[in-house]
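Because only heavy atoms are used, hydrogens play no part in the values below, and waters and symmetry mates are left out as well, while side chains stay in.
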Amino acid sequence: MFETKIIEYKDYGKCLSITNGIVDLAVTIDIGPRIIRYGFVDGINIMLDDRSFLTPNTNEKFEKYYGKGKFYCGYGGHRLWISPEYYPEMYYPDNDPVEYQIVGNSVIFTPPVQVENSLQHRITVTLSENSTEVQVNHEVQNLSDRNKEFALWALTMAAKGGIEIIPMNTDNTHLLPNRKMVLWPYTNPQAKNIFLGKKYTTIEQPESGALKLGFDLKAGIAYYVLDDVVFTKKYYPNFPNGVYPDGGVSFETYSCTKFTELETLGEYKKVAPGETVTHAEKWSLCKKPCEVDYKDENSIDQFIEKL
């Protein structure tokens, strides 16, 4: 039962609701796009959908690049960016209506061309007919007349109050290292809300401040546990020997007092004029199968096995 309809969602204006009777999503079409809701029907929303503290970002430099009165707002939910991060180009003011096209069980969301950046973004959402699975395909086309270098960057702003589980690389590389971890300057690795284990890293939201870490996750999977629901985010690091941004990591996470962000990246590469690059994720939801000690790797093992 694949159904779509236009709804008014909170203070986000018009959104396209997509459901199969098991889960439902809402995607903004007055702005964005943002996947602003994903959850079991009548259940909690995994996505951050509180924009009260996400104030518009603008200044003289921003307006000089994009135009008078233009601003960027995070809005929440899931969005598509490119990496590495730089300002103001990255912070495109995506505050205009979004076109969409329904094709079978898929919906293609196409925002206006980023004229100043010569880029066309596109997100395709494909909902399974009889499960919680959602395929999210991200595309960016280079519309300029010169090569550009970037990686696709898919960022999910998850609702406050959950705990993140990130499986580490466990391959035996003998005398060589088997994983990369990068830290941003404001991150304290000894903070009590971060657990760094041999097989897993877990992160609870900090009581103050913020943190950001990156990892080269060869398995391409992370989990976010919110109340009694487990959100699984898979991606496809198809280029394990390829080049990735930010020191060579394909997964990054940012957490502050208001939300946790699960971020996946495609390969950092040269994109020719007219070329389109893609990056795919697969999402799913399930009910929490058992209690778990997030700082005990045996307990986490059992939890993951039951998923």
Side-chain angles (χ1 to χ4, degrees), residues 1-56 71-81 92-113 120-139 154-162 224 226-233 258-262 280-287:
M1 183 187 70
F2 179 81
E3 294 182 352
T4 64
K5 64 179 178 179
I6 294 177
I7 61 171
E8 293 282 336
Y9 187 84
K10 292 193 169 183
D11 54 352
Y12 288 91
K14 288 185 176 61
C15 294
L16 187 72
S17 172
I18 308 169
T19 186
N20 61 4
I22 303 169
V23 295
D24 64 292
L25 303 96
V27 185
T28 61
I29 54 176
D30 275 349
I31 54 174
R34 301 287 193 279
I35 302 175
I36 207 64
R37 173 176 165 80
Y38 175 46
F40 287 104
V41 172
D42 297 324
I44 63 170
N45 183 13
I46 287 294
M47 301 292 167
L48 173 72
D49 60 3
D50 176 7
R51 55 186 287 191
S52 62
F53 60 90
L54 297 169
T55 56
F71 64 90
Y72 172 79
C73 187
Y75 289 123
H78 178 84
R79 68 188 187 277
L80 169 60
W81 269 15
Y92 188 79
D94 51 356
N95 306 312
D96 297 313
V98 175
E99 294 184 356
Y100 68 91
Q101 180 183 8
I102 301 170
V103 182
N105 283 12
S106 300
V107 185
I108 305 167
F109 296 90
T110 307
V113 171
Q120 175 66 73
H121 286 51
R122 185 174 289 108
I123 296 176
T124 301
V125 176
T126 303
L127 177 58
S128 168
E129 290 188 2
N130 53 15
S131 76
T132 68
E133 286 192 354
V134 181
Q135 181 89 7
V136 185
N137 290 337
H138 310 84
E139 301 178 20
L155 305 95
T156 301
M157 298 176 76
K160 178 180 179 179
Y224 188 71
L226 181 64
D227 294 345
D228 66 341
V229 175
V230 183
F231 168 52
T232 299
K233 175 164 168 157
K258 300 291 189 179
F259 61 89
T260 291
E261 204 162 56
L262 293 78
E281 293 184 343
K282 182 174 285 187
W283 301 352
S284 62
L285 295 177
C286 70
K287 293 296 184 178

* Over all heavy atoms of both residues, which pair between Tyr92 and Tyr72 is shortest? Give the atoms and the distance, please. => O-CD1, 3.1 Å
* To do: Assess whether side-chain contact (heavy atoms from CB on, under 4.5 Å) is satisfied between Trp283 and Ile46, documenting all intermediate values.
  => CA-CA 11 Å; Trp283 301 352; Ile46 287 294; over 6 Å; no
* Asked: Shortest non-hydrogen contact from Arg122 to Leu80?
  -> O-CD2, 3.8 Å
* Testing Thr110, Val107, Val27 for side chain to side chain contact (heavy atoms under 4.5 Å, CB included) with Pro33, which one passes? -> Val27
* To do: Would you give the length of the straight line joining atom CG of Asp24 to atom CD1 of Ile18, rounded to the nearest 0.5 angstrom?
  => 9.5 Å
* **Sub-4.5 Å side-chain heavy-atom contact between Leu48 and Tyr75** => no
* With rounding to the nearest 0.5 Å, note down the distance linking CG in Leu155 to CZ in Arg79. => 4.5 Å
* Asked: Looking at side-chain heavy atoms only, is the closest gap between Tyr12 and Ile31 below 4.5 Å?
  -> yes
* To do: Would you name the heavy atoms of Leu226 and Gly161 that are closest together and state the gap between them?
  => CD1-C, 3.7 Å
* Asked: Between Asn20 and Ser128, is there a donor-acceptor pair closer than 3.5 Å when you use the side chain of the first and the backbone of the second?
  -> yes
* **Within-4.5 Å side-chain heavy-atom neighbours: His138 and Glu281** => yes
* Are Thr124 and Val136 close enough that some pair of their side-chain heavy atoms sits under 4.5 Å apart? -> no
* Please round to the nearest 0.5 Å and tell me the distance separating atom CD1 of Ile108 and atom OG1 of Thr126. => 8.0 Å
* Asked: Any side-chain heavy atom of Leu25 within less than 4.5 Å of one from Arg37?
  -> no
* **Contacts of type side chain to side chain donor-acceptor pair (under 3.5 Å), residue Thr156, not counting sequence neighbours** => His78, Lys233
* Verify salt bridge (charged side-chain N to carboxylate O under 4.0 Å, His left out) between Asp94 and Arg34, making sure each step is shown before the conclusion. => CA-CA 10 Å; Asp94 51 356; Arg34 301 287 193 279; 2.6 Å; yes
* Would you give the length of the straight line joining atom CZ of Phe40 to atom CG of Leu285, rounded to the nearest 0.5 angstrom? => 5.0 Å
* Asked: Between Asp49 and Ile36, what is the shortest heavy-atom contact and its length?
  -> CB-O, 3.8 Å
* Asn105 side chain to Phe2 backbone, donor-acceptor under 3.5 Å -> no
* Asked: Any sub-3.5 Å donor-acceptor pair from Gln120's side-chain atoms to Pro111's backbone N or O?
  -> yes
* Asked: Does any N or O in the side chain of Tyr224 come within less than 3.5 Å of the main-chain N or O of Ala159, such that one atom is a donor and the other an acceptor?
  -> yes
* Looking only at atom types and distance, does a side-chain atom of Asn45 sit under 3.5 Å from a main-chain N or O of Gly39, one as donor and one as acceptor? -> no
* Is there a side-chain contact between Val98 and Thr28 (heavy atoms, below 4.5 Å)? -> no
* Atom CZ of Phe259 and atom CG of Asp50: how far apart are they, to the nearest 0.5 Å? -> 11.0 Å
* Could you tell me whether Lys287 atom NZ has more than 12 heavy atoms of other residues or ligands within 6.0 Å of it? => yes
* Pair listing, salt bridge (Lys or Arg N to Asp or Glu O under 4.0 Å) test, anchored in residues 95-104, at least two apart -> none
* **Min side-chain heavy-atom separation Val125-Tyr100 under 4.5 Å** => no
